[in-house]
Amino acid sequence: MTTSIPSATSTAASAATAVSEDGENGRSDETGETGEISKTSGATGTAAPARRTGRRRRGGLSPGKRLPASRLIGPVLFFALWAGASAAGQLDTNAIPAPWTVLRTAGQLWSDGTLSTDILTSLQRAGSGFALGLTAGVVLALTAGLSRVGEALIDGTVQLNRAIPTLGLIPLFILWLGIGETFKIAIIAIVVYIPIYLNLYSALSGIDHRFVELAEVQGLSKLRFIREIVIPGALPGFFVGLRLGVTGSWLGLVVLEQINATSGLGYMMFQAQNYGQTDVILVGLLIYGIFGLVSDSAVRLIERRVLSWRRTLNS
């Protein structure tokens with residue numbers, strides 16, 4: 001009996017030492033956590049229970065650092081492939097002119113003064129329609145999102161309007177407003193306000209009700225509740241709708257300027273179609289693309305500044 005106890009103790013101590021050496025060598029279990037065994041007790045000579053310390057790898061699941069000018073990589077690669085295919089003679093120049101041909105045509109149109117006039121006209125139409133649609137979308141969303149009466153009066157009507165193709169309203173608006181600038185601005189405003197309303201209203205409706213209870217406990221007034229809780233909570237959804245609205249203004253503009261227009265980029269492209277000028281059409285498309293990319297980048301920059309308090313995968 002006296003000889004068996006020390007042997008058992010020495011066996012446990014040696015086993016604990018072996019496991020401890022395995023833990024120090026970084027042997028991990030299925031979860032990736034390193035197992036470490038605490039030191040054996042000198043009084044009893046037995047091993048203490050194993051203690052696991054988790055060492056998580058930080059940054060392993062995140063997308064990583066943002067690449068400089070990352071949104072320009074795709075367009076630059078596209079133009080590089082376009083130029084390479086044109087130089088190799090893989091593209092029909094009558095159907096798809098080379099990039100340098102399109103740039104030369106753009107320079108000629110600019111020197112003639114026609115391109116600058118068309119760009120200014122298009123910017124005025126898009127800006128007026130966007131401002132009107134932004135105002136309408138925000139006001140309607142706030143009214144429907146903060147009041148049950150407003151929700152009953154507004155949300156169903158907007159959902160019905162969303163179900164109707166906006167471009168299908170063009171014949172009706174021409175009969176109502178004529179073929180001038182008014183109907184074009186009105187159509188652009190409708191295209192813009194719908195995504196802004198939908199996203200902002202959804203963000204307002206999705207605010208956690210516990211914040212409402214917390215505001216009531218703190219005794220916040222209605223105005224402070226809206227300013228300090230509702231607006232910050234709804235800003236992410238608002239910026240999503242704003243980006244969609246900016247894109248929608250350019251999409252609506254390119255169609256409207258080809259209907260009973262006498263100026264603008266869409267009118268220039270429509271005239272080029274009649275004369276088979278593919279390079280002029282590509283000039284208009286490239287300018288629309290540049291406008292869309294610049295405006296979306298501007299909204300993203302504003303969103304990043306306003307929502308700098310958020311910690312997201314993209315931040």
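No experiment lies behind these values; they were computed from the predicted model shown.
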Grab the two heavy atoms, one from [X] and one from [Y], that are nearest each other, plus how far apart they are.
X: R210; Y: D208; value: NH2-OD2, 2.6 Å
X: P99; Y: W82; value: CG-CD2, 3.5 Å
X: R125; Y: G264; value: NH1-CA, 4.1 Å
X: L282; Y: P97; value: CD1-CD, 3.4 Å
X: I170; Y: F183; value: CG2-CE1, 3.8 Å
X: S249; Y: V192; value: CB-CG2, 3.8 Å

Quick one: pull up [atom1] in [X] and [atom2] in [Y] and give me the separation to the nearest 0.5 Å.
X: I231; Y: F225; atom1: CD1; atom2: CZ; answer: 11.0 Å
X: T166; Y: F173; atom1: OG1; atom2: CZ; answer: 9.0 Å
X: I185; Y: L256; atom1: CD1; atom2: CG; answer: 10.5 Å
X: L177; Y: I187; atom1: CG; atom2: CD1; answer: 8.5 Å
X: Y193; Y: T135; atom1: OH; atom2: OG1; answer: 13.5 Å
X: L214; Y: H209; atom1: CG; atom2: NE2; answer: 12.0 Å

Handout entry: Verdict with reasoning, I174 to I259, per side-chain contact (heavy atoms from CB on, under 4.5 Å)
Key = CA-CA 10 Å; I174 290 177; I259 301 174; 4.3 Å; yes
With no hydrogens and no angle check, is any side-chain donor or acceptor of [X] less than 3.5 Å from a backbone partner on [Y]?
X: Q273; Y: M269; answer: no
X: D155; Y: E151; answer: no
X: S111; Y: Q108; answer: yes
X: S122; Y: I119; answer: no
X: T121; Y: T117; answer: yes

Hydrophobic cluster membership, with links at side-chain heavy-atom distances under 4.5 Å among I/L/V/M/F/W/Y: are [X] and [Y] in one?
X: V246; Y: V306; result: yes
X: L91; Y: L77; result: no
X: L103; Y: W100; result: no
X: V158; Y: V139; result: no
X: L307; Y: I196; result: yes

Practice task
Would you please test F291 and L265 for side-chain contact (heavy atoms from CB on, under 4.5 Å) and show each step?
Solution key: CA-CA 12 Å; F291 283 166; L265 293 173; 4.2 Å; yes
Problem - salt_bridge(R300, E303) N-O dist < 4.0 Å - result: no
Problem - Charged N-O contact under 4.0 Å between K184 and E257 - result: no
Would you call [X] and [Y] a side-chain contact if the rule is heavy atoms closer than 4.5 Å?
X: F130; Y: S295; result: no
X: L167; Y: P165; result: no
X: F239; Y: R243; result: no
X: L153; Y: T143; result: no

Practice task
Step by step, work out the side-chain contact (heavy atoms from CB on, under 4.5 Å) result for V255 and L251.
Solution key: CA-CA 7 Å; V255 176; L251 294 178; over 6 Å; no
Problem - T105 and its side chain to side chain contact (heavy atoms under 4.5 Å, CB included) partner, picked from T278, D279, I281 - result: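 By the side chain to side chain contact (heavy atoms under 4.5 Å, CB included) criterion, T105 pairs with just one of T278, D279, I281: D279.
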Practice task
Give a yes or no on whether F270 atom CZ has more than 12 heavy-atom contacts from other residues, nucleotides or ligands under 6.0 Å away.
Solution key: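 Check fails, neighbour count at 12 or below.
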Practice task
Please state whether the rings of Y201 and Y197 are parallel, tilted or perpendicular, taking 30° and 60° as the class boundaries.
Solution key: parallel
Practice task
With side-chain contact (heavy atoms from CB on, under 4.5 Å) as the test, would you mind laying out the steps for T93 and T101 before giving the verdict?
Solution key: CA-CA 9 Å; T93 56; T101 303; over 6 Å; no
